[in-house]
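Chain letters run A, B, ... following the sequence lines, proteins first and then strands; every chain starts at 1. Quick caveat: nothing in here was measured; it's all calculated off a predicted structure. The basis for the numbers below is simple: all heavy atoms, side chains too, and nothing from hydrogens, waters or symmetry mates.
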Amino acid sequence: MTKNLVIVESPAKAKTIEGFLGKEYQVKSCFGHIMDLSKKDLGVDIDQGFIPKYIISPDKKKIVNELKKLARNADLVWLASDEDREGEAIAAHLMDVLNISESKARRIAFHEITKPAILEAIEHPRGIDRDLVNAQQARRVLDRLVGFELSPLLWKKIKPSLSAGRVQSVAVRLIVEREEEIKKFKVGSSFRIVGDFIVSTKDKVVPLQAELSERFSTREEAEAFLGRCIGAEFVVEDIETKPAKKSPAPPFTTSTLQQEASRKLGFSVANTMRVAQDLYESGKITYMRTDSLNLSNIAIGMAKQEITDSFGADYVKTRKFTTRSKGAQEAHEAIRPTYVNVRTVEGDKSHKRLYDLIWKRTIASQMADALLEKTTVTIGISTAIEKFLAKGEIITFDGFLKLYMESTDEEQNNGEERILPSLNKGDALDMNQIQAQQKFTQQPPRYTEAMLVKKMEELGIGRPSTYAPTISTIQRREYVVKEDRPGVTRTFQVLTLKDGEITSEEKSEKIGSEKAKLFPTDVGSLVNQFLLQHFMNIMDYNFTASVEEEFDEIAEGKLVWNAMIKDFYGPFHTRIEQTLEGTRKVSGEKLLGTDPKTGLNVFVKIGRYGPMVQMGNADMENKPRFAALKKGQSMESISLEEALELFKLPRTLGIVDNADVVVAAGRFGPYIRHKSQFYSLMKTDDPLTITMERASEIMTEKKKLDQEKTVKEFGEDSNLKILKGKYGPYISFNKLNYKIPKGKVAEELTFEECRKIVADSKPTKSSKSRKSK
DNA sequence: CAGTGAGCGAGCTTCCGCTTGACTT
């Protein structure tokens, strides 16, 4: 029997801590929250003062039973969940569910997984902070009320299965509004003047590039300026040198790791977290879901040693970073290598690269500032009042730059970090050429996943554990899509003054191509518009921040949690009911024009399954025709001609074996139907022009593949088959799948045996039911 | 994966935040 049971949230953490504590301690993990609100209904008893209806999460029943047994037999139970709102609630739930008495329970917390920190925590146990638990409860109940009242409203007013919530709806809003800004954006241009000069001294001739201190808004002005420069003299009027320094970025949090892995390694947010999870589980890095910039003293000490060994003591400058982000709860350390002296890890390329990034960032954060010397040379023009400026930068001490430099989302601007030749005031320069190049203003950038996370963190919406899932959710709901878009070619003008003559030419550049950027869909935009119209308070970018203030007051014991919820819910629920009764279904319907053949109206709108076109009004006599929009088409941009094309399907190709061969477009793209069998078209096949010949080819091919997939068929019942899948053979009966019991050989199963398996066992979950969990 | 779209209506969907394995067709 164990005297002490310690419960933490993560199993990897449990393993580490067990090593720090003696044999008297058994350390187990509860895998995060063990209880949640019932999902059957609202899960909140509103009439009784918003009393939550908690149940043990179905996937936690097993671990809860195990912990119950261990807790019963232990003398003391140490509740060591994270020291934040959610962690406190987990501790409280554990006490309840495991039936731990006050006298037997010890609540402890630590912010870093180091032996001194754990021992220190054991020395200072406390009770459960009920105010903090209530703050969590308020957060949980508010999110449930918002999500489970708004979502059904969307099902009724827009389309089924949609969702809305405090976090996801605001994330979608950011993307929709950015797209609107881009649409509204009016491009402007100006002429940037760059002069190429030559410095001739006694012993050498060196080039010097300088930019004019101002830009000209028109070609005429630029041309006039170049004209003024013909025959002018150029003289160095001033040289200014200023020292400057650059400091390293703080160590990684979840959000900055996602951003930097996206910029430097091209990882998606989900991929970064998957790889980081692996590194964490194998003990290579500290916890990867954190908003803390803190490094333990042990880690800083190790970093100091590592820097001294590799670069020398001059390169060391230890720092304690403090967080700036809204609502940070700092239950953990920043993300760092567990052993800072370990330079690389085993594993595949992505693991190595992510670890390398974390290692460099951690080490660099404890390195000296880089020292620079910034020089600006002012060049006067004898015939004009404008000045040319040549800017240079030299690094006098590289410091942390020796190892690591953070990237930015902005495109690299040119002309940085150049070294200037040595010059003196009064030096005359020879002009080689001066160019005026047309430069365009840039539209606001579209969000990458990581840029969206950055913005969400700034607004205080979402938490380190939810950034990646939220971004998946808004894509799964098809509110936004992550896509590449090709750019367009744009021409710009260049005027060149050389050898006393001004010439002009037109050049072209590729602009606006997008890679893995987030775009709103028609449904996303419509839902956003609907929510903005009726629930501005929830869509407000400051909504989370303001409720967080109230949660803090609850945590401080200054506000009663359900009183806060009541104040929110009253007006919110009224608004729900008003919208339910007072508004009609919204479909974003737009009249595109009329069909020249029939004279019927052609509309585009959102239907039960997404955007579609409709021919004919929905009146008593006639049923309108419908067709779904193709991938890549949008309600916003579809033309009448494109819409009319969509009505050309389904078309009958001919008759085979007394049955029509029909080409149509379905949910998953174009297909052929014959004798109630379906055959998908290839991407290269055009359903509008496909021939009977090609169609039979596709059908033969599919039949062959099906044949290969079939292990065994039975004459007794054609619905029962043994098929071969990715994970081996299985039984298929009436479109449900059943596992073959161990020890049975698929090929040898008889019809009766199969019938028995089907009757006795449950079908394996289809992917559809799994997705919904 | 499944191949739809009036309206009728049953019965389904849904939130955020904490954590990892299941076990796949």
Considering only NZ, NE, NH1 and NH2 on the basic side and carboxylate oxygens on the acidic side, decide whether Arg673(A) and Asp660(A) come within less than 4.0 Å.
no
Can a salt bridge be assigned to the pair Lys15(A) and Glu18(A) using a cut-off of 4.0 Å between side-chain N and carboxylate O?
no
Under 4.0 Å between a side-chain N or O of Ser465(A) and OP1 or OP2 of dC18(B)?
yes
Does the side chain of Arg477(A) get closer than 4.0 angstrom to OP1 or OP2 of dT14(B) through an N or O atom?
yes
For Leu629(A) and for Gln168(A), find the nucleotide of DNA chain B with the closest heavy atom, then tell me which residue's nucleotide is more 5'.
Leu629(A)
Counting only distance, no hydrogens or angles, is the base of dC18(B) paired donor-acceptor with the side chain of Arg463(A) under 3.5 Å?
no
Tell me, yes or no, whether the heavy-atom count around Lys156(A) atom NZ, taken from other residues, nucleotides or ligands under 6.0 Å, exceeds 12.
no
Strictly below 4.0 Å: does Arg166(A) bring a side-chain N or O up to OP1 or OP2 of dG17(B)?
yes
Is Glu86(A) salt-bridged to Arg463(A), going by a charged N under 4.0 Å from an acidic O?
no
Taking N and O atoms by type only, does the side chain of Arg289(A) place a donor or acceptor under 3.5 Å from a partner on the base of dC18(B)?
no
If the P atom of dT25(B) is compared with that of dA2(B), how far apart are they to the nearest Å?
11 Å
Counting just side-chain N and O atoms, does Arg608(A) come under 4.0 Å of either OP1 or OP2 of dT13(B)?
no
With distance as the sole criterion, do the side chain of Ser163(A) and the base of dT14(B) form a donor-acceptor contact below 3.5 Å?
no
OP1, OP2 of dG17(B) versus side-chain N and O of Thr466(A): anything below 4.0 Å?
yes
Could you tell me the separation between the NZ atom of Lys156(A) and the P atom of dT14(B), rounded to a whole number of Å?
15 Å
Is the phosphate of dT19(B) approached by Tyr287(A) (side-chain N or O, under 4.0 Å from OP1 or OP2)?
yes
